[in-house]
Amino acid sequence: MAQSFLDDQLLVPAHRHRLEHAQILAQDDLKRVGKLGIIASVQPTHATSDMSYAEHRIGPDRIKGAYAWRTLINHNVTLALGSDFPVEGINPLLGFYAAVTRLDTEGNSPHGPGGWFPEQRLTRIEALRGMTLGPAFASFQEDTLGSLTVGKRADIVILDRDIMQVPAWEILKAKVKATIVDGQLAYGKV
């Protein structure tokens, strides 16, 4: 009775289950995550930090389910990309670059210049969505955060180059010109 009263009085949001550090999954679980509507919280720089030793440690079969972002997207999984700071660097461009290239900051990977398991790369749009709308949805804030939409908070970073268009090697050279938080200039000049 008490729980029913609380449920009637409080707007309790639906659960959104999230798999934190969704880094190494069995092949069947990659499919299950999508079927169950689980959000995959991933840190792209973990892949590029771990790529030199991951296959040796977990083996050639299990590596197929490791850092398998494309496979998750193909199974309709919402990705929430993050940095895992202080384990990894706090600069979000590191994660964006790792997600779209699967290369280290020097442009290297054990599989060559195309990236480590390049078939698992995200497009730039997918990486941006994973850093904006994905985390907003994962935290029940998609109505106020995650996109530049009328009525939402205007949280914006203005860079000195268009990371959606420049060659991949230029992404990490981008510098912040201005930061706007909730519509107010917090850093730099516009």
Side-chain angles (χ1 to χ4, degrees), residues 15-139 142 146 162-174:
H15 294 285
R16 288 187 185 158
H17 297 288
R18 180 167 38 184
L19 183 57
E20 291 296 332
H21 293 283
Q23 293 180 182
I24 303 169
L25 302 171
Q27 292 294 314
D28 289 343
D29 289 339
L30 290 166
K31 296 173 191 166
R32 272 184 79 212
V33 168
K35 286 180 184 172
L36 295 173
I38 296 171
I39 298 160
S41 177
V42 299
Q43 299 72 31
T45 52
H46 283 328
T48 53
S49 292
D50 299 352
M51 67 184 170
S52 66
Y53 60 81
E55 187 168 0
H56 174 73
R57 289 194 181 169
I58 66 173
D61 291 329
R62 288 182 64 210
I63 198 68
K64 294 173 187 167
Y67 316 97
W69 313 319
R70 165 69 38 227
T71 301
L72 288 168
I73 292 263
N74 290 347
H75 289 299
N76 299 312
V77 174
T78 296
L79 297 181
L81 306 185
S83 69
D84 201 29
F85 177 79
V87 174
E88 298 282 354
I90 196 169
N91 181 348
L93 292 174
L94 293 168
F96 184 85
Y97 174 80
V100 302
T101 67
R102 295 179 69 97
L103 296 168
D104 67 19
T105 57
E106 303 300 315
N108 301 311
S109 89
H111 293 169
W116 186 55
F117 293 101
E119 69 278 5
Q120 294 296 339
R121 288 186 301 229
L122 297 180
T123 66
R124 293 181 196 212
I125 290 290
E126 290 165 338
L128 183 63
R129 187 177 298 123
M131 298 177 84
T132 55
L133 286 169
F137 178 78
S139 61
E142 69 272 18
D162 183 353
I163 62 169
M164 303 303 281
Q165 300 294 324
V166 298
W169 58 269
E170 274 193 43
I171 293 169
L172 293 177
K173 293 183 178 190

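In this text the structure is predicted, and so the values were computed from the model without any measurement.
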Closest heavy-atom pair and its distance - Leu25, Leu30: CD1-CD2, 3.6 Å
Any donor-acceptor pair under 3.5 Å from Glu170 side chain to Pro167 backbone: no
Between Ser83 and Glu88, a side-chain donor and acceptor under 3.5 Å: no
Heavy-atom closest contact (Gly65 atom, Gln27 atom, distance): N-NE2, 3.3 Å
Backbone N/O of Val100 and side chain of Arg124: donor-acceptor pair under 3.5 Å: no
Whether His111 and Trp116 hold their rings parallel, tilted or perpendicular, with breakpoints at 30° and 60°: tilted
Distance-minimising heavy-atom pair for Ala99 and Leu81: CB-CD1, 4.4 Å
Trace of the side chain to side chain contact (heavy atoms under 4.5 Å, CB included) decision for Glu119 with Arg70: CA-CA 7 Å; Glu119 69 278 5; Arg70 165 69 38 227; 5.8 Å; no
Between OG1 on residue Thr123 and CD1 on residue Ile73, distance to nearest 0.5 Å: 7.5 Å
Contact check, side chains of Arg57 and Asp50, non-hydrogen atoms, under 4.5 Å: no
Atom pair NZ (Lys173) and OH (Tyr97), whose distance is rounded to the nearest 0.5 Å: 10.5 Å
Leu36 vs His17 side-chain heavy atoms within contact, under 4.5 Å: no
Interatomic spacing from CZ in Phe96 to OG1 in Thr101 - rounded to 0.5 Å: 10.0 Å
Considering all heavy atoms, the nearest Leu172-Leu93 contact: CD2-O, 3.6 Å
Residue from Asp84, Leu94, Val87 passing side-chain contact (heavy atoms from CB on, under 4.5 Å) with Gln43: Asp84
Between CZ on residue Arg62 and CD1 on residue Ile24, distance to nearest 0.5 Å: 6.0 Å
Geometric cation-pi criterion, Arg102 with Phe117: 6.0 Å, 45°: no
Shortest non-hydrogen contact from Leu72 toward Ala40: CD1-CB, 4.0 Å
Distance in Å, Leu103 CG paired with Asn108 CG, rounded so as to fall on 0.5 Å steps: 7.5 Å
Separation of Gln23 CD from Trp69 CH2 (nearest 0.5 Å): 9.0 Å
Ile171 side chain reached by Val166 side chain, heavy atoms, under 4.5 Å: yes
Closest non-hydrogen atom pair, Ile38 against Val77: O-CG1, 3.5 Å
Backbone N/O of Tyr67 and side chain of Gln120: donor-acceptor pair under 3.5 Å: no
Arg16 CZ: over 12 foreign heavy atoms closer than 6.0 Å: yes
Side chain to side chain contact (heavy atoms under 4.5 Å, CB included) between Lys64 and Thr71, worked out: CA-CA 10 Å; Lys64 294 173 187 167; Thr71 301; over 6 Å; no
Test side chain to side chain contact (heavy atoms under 4.5 Å, CB included) applied to His75 and Val33, step by step: CA-CA 8 Å; His75 289 299; Val33 168; over 6 Å; no
